[in-house]
Amino acid sequence: MRKIKNVLILGLLIITAFSCSEDVMDDINKNVNDPTDVASNLIITDVMTRTAFNITGSDLAFYAAVYIEHSVGVWNQSYNAEIRSGEPVSATTYNNSWDAMYRNLGDLKLIIEKCSEGGAEEGNYHTLGIAQALNAYTLAMLTDVMGDVPWSEALQPGIVFTPNLDSQEAIYGEIMQLLDAAIENLQKETVFPSLGGQDFIYDGDAGSWLKFAYGLKARYTMRLSLRSPAYADVITYANQSFASADEECKYAYNAATTYSPFYRFYTDRDYLGASQSLADKLAARNDPREAIFWEAHPAAGGFELAPNGSPVQSQGRYAISAISTPTAPTFLLSYHEIEFLKAEAYVRQNNLDPAKTALLNGITAAFQKVNIGLTAEEAETYFNDEVLPKFNANPLAEVMNQKYIAFFEEEAVEAYNDYRRLKAMGDNVIILANPLNNSQFPLRFTYGASDVTTNVNVRNAYGDGTYIYSENVWWAGGSR
């Protein structure tokens, strides 16, 4: 009997031990710091930060600044981009930004699903609208610089392994639909709490995001001017966007735990020098920003501008940006851009009086950026003495050159987009100096290596990368 009891006890111990070990084994591969379900208000914070630092203020902006001659590449990869050696056609050049954009789009897709009908946060209209606006922004950034890209079949891991590319025309149709949906949702009543401090840009204010969405509609409507000009719509949308610089969509840095991307690019890499061609444009206008934009390199014996297309590859020789301060914000959409969009639209309608007003507003706002610091009075004097005579001689040229100057550094990608659009429309009003542009101006950026090496559809579209010198994107008159 005692033997039977011992056997039973031993069996129970074995079962208990096995049960405990099974529980341990069930949990052993779980990462408690990587939950499988996260609330949308937490996901969207990461999206906003990534948008500012890994997309808008990323390699896309650093290379665009070189191509558009806001800066000159004077060292390493930036120098190679300047002299068109390797970097512009390489699939590795923009890979980090490529991956960041698709990660953003994946997270935004998840938020939109959560907050839409049938989702776990159905009725969370304001977060839904913000996500839709940021989705439109990220998708436009992707297709504007790269053309046709995987989209409708993308972001389906384990289901679609090699998504096909969608046409830029189709993608732009979806961008506009996303913005229309965002505008609708941001005006709805919701029982869900505001994002508050989880929103690093607007502190959860739906009205501010609504103005951002309208501003994006103005920007992208203007982008399509070659294909379908609609200047009255640009003005209508812009008038529903920002009314002052206090409302613009920008990501701020505190210089303690966060730093401006261009500042970090200088301190970490020191690859860019002051652009001779931009300095020439400022000098031709007696523009007071000429004395503000640059300073001598700390290692240099004096102040020297870098020649576009033919600098000496050197660190410590050429002047560097003086506005790349630690707290210089990243602009997703600025108030001065809204005013310049209105100015161009009015000029295209030959409605010059309101064009002048919008142009003055844009210049004044650009003068008063935190890292520029010129006054409204200085802007008005400059406008009357220098800008107005040039505007009267060629209104479109002066509007677009003022916008180009105002975009210096933080908004280089938008300056790059404007330049390609204007060239496609036959408006050669922004003159670049790099002689290599005659045959090797990058008309687009290459796809990321992570997909060139794994997706046959992207690899076939990439080829050897030299298409970037000959094929415009669709909105600039190309076929892809």
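Computed from a predicted structure; not experimentally measured. What you see below is based on every heavy atom in this structure, not just the backbone, and it leaves out hydrogens, waters and symmetry mates. Just so you know, residue 1 is the first one in the sequence shown, and it goes up from there.
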| request: Examine the side chains of Gln240 and Tyr214 and answer whether a donor and an acceptor come within less than 3.5 Å of each other. | output: yes
| message | Side chains of Thr330 and Tyr253 only: does a donor on one sit below 3.5 Å from an acceptor on the other? | response | yes
| Donor + acceptor pair across side chains of Gln276, Asp280 (<3.5 Å) | yes
| note | Here the pair of heavy atoms bringing Asp144 nearest to Arg420 is O-NH2, 2.7 Å
| Which pair of heavy atoms, one from Arg84 and one from Pro442, lies closest together, and at what distance? | NE-CD, 3.7 Å
| query | So Tyr67 and Phe441, would you call those rings parallel, tilted or perpendicular, with 30° and 60° as cut-offs? | reply | perpendicular
| message | Once side-chain contact (heavy atoms from CB on, under 4.5 Å) is applied, do any residues pair with Ala433, and if so which ones, sequence neighbours excluded? | response | Glu69, Ser277, Asn308
| message | Using the ring centroid of each side chain, check whether His70 and Phe407 are separated by less than 6.0 Å. | response | no
| Any chance the side chains of His336 and Glu411 put a donor and an acceptor closer than 3.5 Å? | yes
| task | Examine the side chains of Ser58 and Ser97 and answer whether a donor and an acceptor come within less than 3.5 Å of each other. | result | yes
| message | Whether the side chain of Thr49 engages the backbone of Asp46 through a donor-acceptor N/O pair (distance < 3.5 Å, no angle test) should be reported. | response | no
| field | The single option from Thr45, Asn104, Thr56 passing side-chain hydrogen bond (donor to acceptor under 3.5 Å, both in side chains) against Arg50 | value | Asn104
| said: For the aromatic rings, using the six-membered ring if either is Trp, is the centroid distance between Phe445 and Tyr63 under 6.0 Å? | reply: no
| query | Below 4.0 angstrom, N of the basic side chain to O of the carboxylate: do Glu169 and Arg227 qualify? | reply | no
| query | Would a distance-only check, ignoring hydrogens and angles, find a side-chain to backbone donor-acceptor pair under 3.5 Å from Asp166 to Ser152? | reply | yes
| field | Tyr125: side-chain contact (heavy atoms from CB on, under 4.5 Å) partners, not counting sequence neighbours | value | Asn185, Lys188, Thr190
| task | Applying side chain to side chain contact (heavy atoms under 4.5 Å, CB included), run through Leu105 and Trp151 and close with a yes or a no. | result | CA-CA 9 Å; Leu105 291 168; Trp151 173 237; 3.9 Å; yes
| query | Do Lys369 and Glu410 sit within salt-bridge range, that is, some charged N less than 4.0 Å from a carboxylate O? | reply | yes
| field | Asn434 (side chain) donor-acceptor with Glu82 (main chain) under 3.5 angstrom | value | yes
| request: Decide, yes or no, whether a salt bridge links Arg421 with Glu344 under the criterion of side-chain N to carboxylate O below 4.0 Å. | output: yes
| task | List the atom of Ala328, the atom of Ser260, and the distance in Å for their closest heavy-atom pair. | result | O-OG, 2.8 Å
| message | Checking side-chain polar atoms at under 3.5 Å, does Ser450 have a donor or acceptor matched by the opposite partner on Asn95? | response | yes
| said: Are Phe265 and Tyr271 an aromatic pair, judged by ring center distance below 6.0 Å? | reply: yes
| field | Tyr318 side-chain N/O to Val312 backbone N/O, donor-acceptor pair under 3.5 Å | value | yes
| request: Would you verify whether the NZ or CZ of Arg480 falls within 45 degrees of the ring axis of Tyr467 while also being under 6.0 Å from that six-membered ring's centre? | output: yes
| Has the side chain of Arg285 got a donor or acceptor atom that lies under 3.5 Å from a matching backbone atom of Lys281? | yes
| field | Thr257-Asn254 side chain donor-acceptor pair, cut-off 3.5 Å | value | yes
| task | Dump the intermediate steps for ring-ring contact (aromatic ring centres under 6.0 Å, His included) on Phe262 and Phe408, then the final yes or no. | result | CA-CA 11 Å; Phe262 270 93; Phe408 174 53; 8.1 Å; no
| said: Using a 3.5 Å distance criterion without hydrogens, assess whether the side chain of Tyr382 forms a donor-acceptor pair with backbone atoms of Asn286. | reply: no
| Qualifying residues under salt bridge (charged side-chain N to carboxylate O under 4.0 Å, His left out), relative to Asp427, sequence neighbours excluded | Arg348
